[in-house]
Asker: 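What follows is a single structure, and I will ask about it in a moment.
The figures here come from the full heavy-atom set of this structure, side chains too, leaving out hydrogens, waters and symmetry mates. So you know, we letter chains A, B, ... as the sequences are listed, proteins then strands, and number each from 1. Here the structure is a predicted model, which is why all the values come from computation and not from measurement.
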2 protein chains.
Amino acid sequence: MSKKISMNDIARELNISITTISFILNGKAKEMRISDKLSQRVLDYVKEKNYNPNTVGQSLRTGKSRIIGLVVEDIADVFFASVARLIEEKAYKKGYKIIYCSTENNTKKTIELIRMLRGRNVDGYIVTPPKDIEHEVSSLLSEGLPTVLFDRYFPQLKTNYVGIDNYNGAKTAIEHLAKQQYKHIAFVTLDSGQTQMADRLRGYQAAIDDAGLIPHLLEVEFSAKPQKLVQQIIDYLTQNKNIDAILFATNYLALRGFEALQQKQLVIGEQIGVVAFDDHAFFKVFNPPISAVAQPMKELSEHLIETLFKNLNAKGDQQITPVEIILKPELIIRQSSSKKL
Amino acid sequence: MSKKISMNDIARELNISITTISFILNGKAKEMRISDKLSQRVLDYVKEKNYNPNTVGQSLRTGKSRIIGLVVEDIADVFFASVARLIEEKAYKKGYKIIYCSTENNTKKTIELIRMLRGRNVDGYIVTPPKDIEHEVSSLLSEGLPTVLFDRYFPQLKTNYVGIDNYNGAKTAIEHLAKQQYKHIAFVTLDSGQTQMADRLRGYQAAIDDAGLIPHLLEVEFSAKPQKLVQQIIDYLTQNKNIDAILFATNYLALRGFEALQQKQLVIGEQIGVVAFDDHAFFKVFNPPISAVAQPMKELSEHLIETLFKNLNAKGDQQITPVEIILKPELIIRQSSSKKL
DNA sequence: TATGAAAACTAAACGGTTTTAGCAAAATGT
DNA sequence: ACATTTTGCTAAAACCGTTTAGTTTTCATA
């Protein structure tokens, strides 16, 4: 397999100009009126020697890299990992690779990451932004770098955004619980203040109001360690013994919540009704199966990548107006939220 | 924030040579006898203008990219996603980024992926190899490109490898089940023929033999759709009604298995004992909690990245002899595998 | 047989950094 | 006073592919 050969090598070997090779390899042979005979000779040689253009050279010259930067909160989280996988698949088909980074929701780290990606000529950005990076994002925009936000957004910033209707997702879940005759429905969420969380909270409050119930809100510390999270939920349940149902604002919170319920010996689906935001493969086979507000993962990823590609392909300064795509989540009702009457 | 400034811009602005700037910025000022005064002037200017060297230029020149290629079976799988996250964190601290790709265990796709990464001057490779890519891997090796395999390996190939003792992992799990007086312990695995699966199977067989029990083996189709997997397990259980415990060879198989058990109305921990290979966050809060053979994720990732870095830092042709690191998995016993006596 | 135009191809610049080799000036030694 | 060394800095090549702005050759037309 020897070492890689370069365009220069080919030019020397075939005794033609490097430019000619470039034209032929980039499908500009016709346009540049290269004879079919020469074209074929080059193409054959290239195939024979198994030549691959050096991506780095291309990138340096063109300023493009065919790399998409995926900047998410935590790549180990099922939600983000699933999105990553689906995006990767679609990107791959169009010849793009993904560089991913986990922000840990850390503003400083995220800014560093975006700068690094920029230094690498990354062509497009898919980002779940933490707080206070409006400036960094808008600087991407002002440089005309295709960017799509997802999961959360900045209300003041006109960007591409793909997400779900968190308000109605939460509202529908609460309506369902209310219909099941649960009377003291708690909402366990994070104090992160991000838009998706705020929207879910508003949905919860609206539905509770509509049903004439009392709100029970637990906002746990965003950056707390798992053990502390569990303890906070246990304490809350101990102090609010009347709670008969819980909506967890994320998958991860549900996990911690289940630990708390386990320790309090409260049986899901019997003493307490449960719905979780974001579905999880294992929810279906839980005992009892767990109800969930499911995000349409495939659609989400499709819209993300398509929006990005639309901007990627927009030639030059031809500005594309940012789009906001809000998808409908689906409430999947399983036994964890049905009172055995 | 205007457009990026280049070394050329700095050189022109400060009226000095580009070379001098390079020396100063790369800590070679002393060595190259640049005066402190000039050094400081450049450093100040660079800071003021918020200059960042163009990574693509550096990469073209040096042949290095500070990128690690992570080629795993499926980035959406918790096991791989967790490894990805841990590796990313460590790599980031050393100034490396990750490009990841999912192989789907497809040999052809994997070869393409590795070639693409090579074209991007990726500095090192962490790979869970599918079948029949020995040649591609050994060609990486022969070019001196740092490579570490994990999860599975090629017995005939002398490579860096980090994995766990799958044989004893399975063996210990079965010993535990046998001690719990389970008499007909099945092993549900894949027909993929990969080393990690083969090792687990050998461990199962050895333990079954030692305990004087009859083996019950179900090898499901590797590439089957979820629904088909579930059906295969259901059929197997229907035809082998005496089975009272199951060891699932992977997390993913356990998920399908649980679906099958659910449909057969067999209650885990009561009618049937269960242990899964690979732990999962949700196993702890299952009802009943699921026993698992847990891989030491942190250690695994640490060894992966450290082995890679050792090779990355090995100057020139100074060959480092490949290492094989086999970690001990831990059997976490929960209620799913204890007979209520 | 000029004249113009199309056809076929190429030199050179560009992009940003690193490295090699080396030059001029100042300092030191004899 | 002259040779040698050290200091401080730089030009130019290299890395690899793309693009601009040509040049030369060939062919058709008047």
Asker: Tell me whether B/Glu13 at atom CD has more than 12 heavy atoms from other residues, nucleotides or ligands lying less than 6.0 Å away.
Answerer: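 Atom CD in B/Glu13 is not crowded, with 12 or fewer foreign heavy atoms closer than 6.0 Å.
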Asker: Quick one: list whatever passes ring-ring contact (aromatic ring centres under 6.0 Å, His included) with B/Tyr153, sequence neighbours left out.
Answerer: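 Only B/Tyr161 meet the ring-ring contact (aromatic ring centres under 6.0 Å, His included) criterion with B/Tyr153.
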Asker: Quick check on the helix from C/dT1-D/dA30 to C/dT30-D/dA1: what's the angle between its two end axes, five base pairs per end, to the nearest 10°?
Answerer: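 If I round to tens, the end axes sit 60° apart.
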Asker: Where along residues 36-43 of chain B does a heavy atom fall under 4.0 Å from DNA chain C?
Answerer: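 Under 4.0 Å from DNA chain C: no residue of residues 36-43 of chain B.
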Asker: Output all residues satisfying salt bridge (Lys or Arg N to Asp or Glu O under 4.0 Å) with A/Lys64, sequence neighbours left out; order by chain, then residue number.
Answerer: none
Asker: So, applying side chain to side chain contact (heavy atoms under 4.5 Å, CB included) with B/Val46, which one of B/Val42, B/Asp44, B/Asn50, B/Leu43 is it?
Answerer: B/Val42
Asker: Less than 3.5 Å apart, any donor N or O on the side chain of B/Gln194 or B/Asp151 sitting next to an acceptor on the other?
Answerer: no
Asker: Is the shortest side-chain N to carboxylate O distance from B/Lys30 to B/Asp36 below 4.0 Å?
Answerer: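 Yes, B/Lys30 and B/Asp36 are salt-bridged.
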Asker: Across nucleotides 17-24 of chain C, 5' to 3', mark each nucleotide with B, S or - according to how protein heavy atoms within less than 4.0 Å reach it.
Answerer: BBBB----
Asker: List the residues meeting ring-ring contact (aromatic ring centres under 6.0 Å, His included) with A/Phe150, not counting sequence neighbours, and say none if there are none.
Answerer: none
Asker: If a pair satisfies ring-ring contact (aromatic ring centres under 6.0 Å, His included) and one of its residues is in residues 4-24 of chain A, list it, with sequence neighbours excluded.
Answerer: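 Matches after skipping sequence neighbours: none remain.
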Asker: Holding to side-chain contact (heavy atoms from CB on, under 4.5 Å), I want the full list of residues that pass it with B/Ser39, two or more places apart in sequence or in another chain.
Answerer: B/Ile24, B/Ala29, B/Ile34
Asker: Using the heavy-atom set of chain B and a strict 4.0 Å cut-off, write down the first and last nucleotide of DNA chain D that makes it in, 5' to 3'.
Answerer: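 Reading along DNA chain D, I get D/dT7 to D/dC16.
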Asker: Can you pull out every ring-ring contact (aromatic ring centres under 6.0 Å, His included) where at least one residue sits in residues 58-111 of chain A? Sequence neighbours excluded, please.
Answerer: A/Tyr96-A/Phe309, A/Tyr100-B/Tyr100
Asker: What residues, two or more places apart in sequence or in another chain, satisfy ring-ring contact (aromatic ring centres under 6.0 Å, His included) together with A/Tyr51?
Answerer: none
Asker: Quickly work out the B/Ile10 CD1 to C/dG16 P distance and round it to whole Å.
Answerer: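 That distance rounds to 11 Å.
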Asker: Would you please name every residue forming a side chain to side chain donor-acceptor pair (under 3.5 Å) with A/Glu104, sequence neighbours left out?
Answerer: A/Lys109
Asker: So A/Ser102 and B/Arg85, do their side chains get closer than 4.5 Å, heavy atoms only?
Answerer: yes
Asker: Between B/Leu60 and B/Thr20, name the one whose nearest nucleotide on DNA chain D is closer to the 5' end.
Answerer: B/Thr20
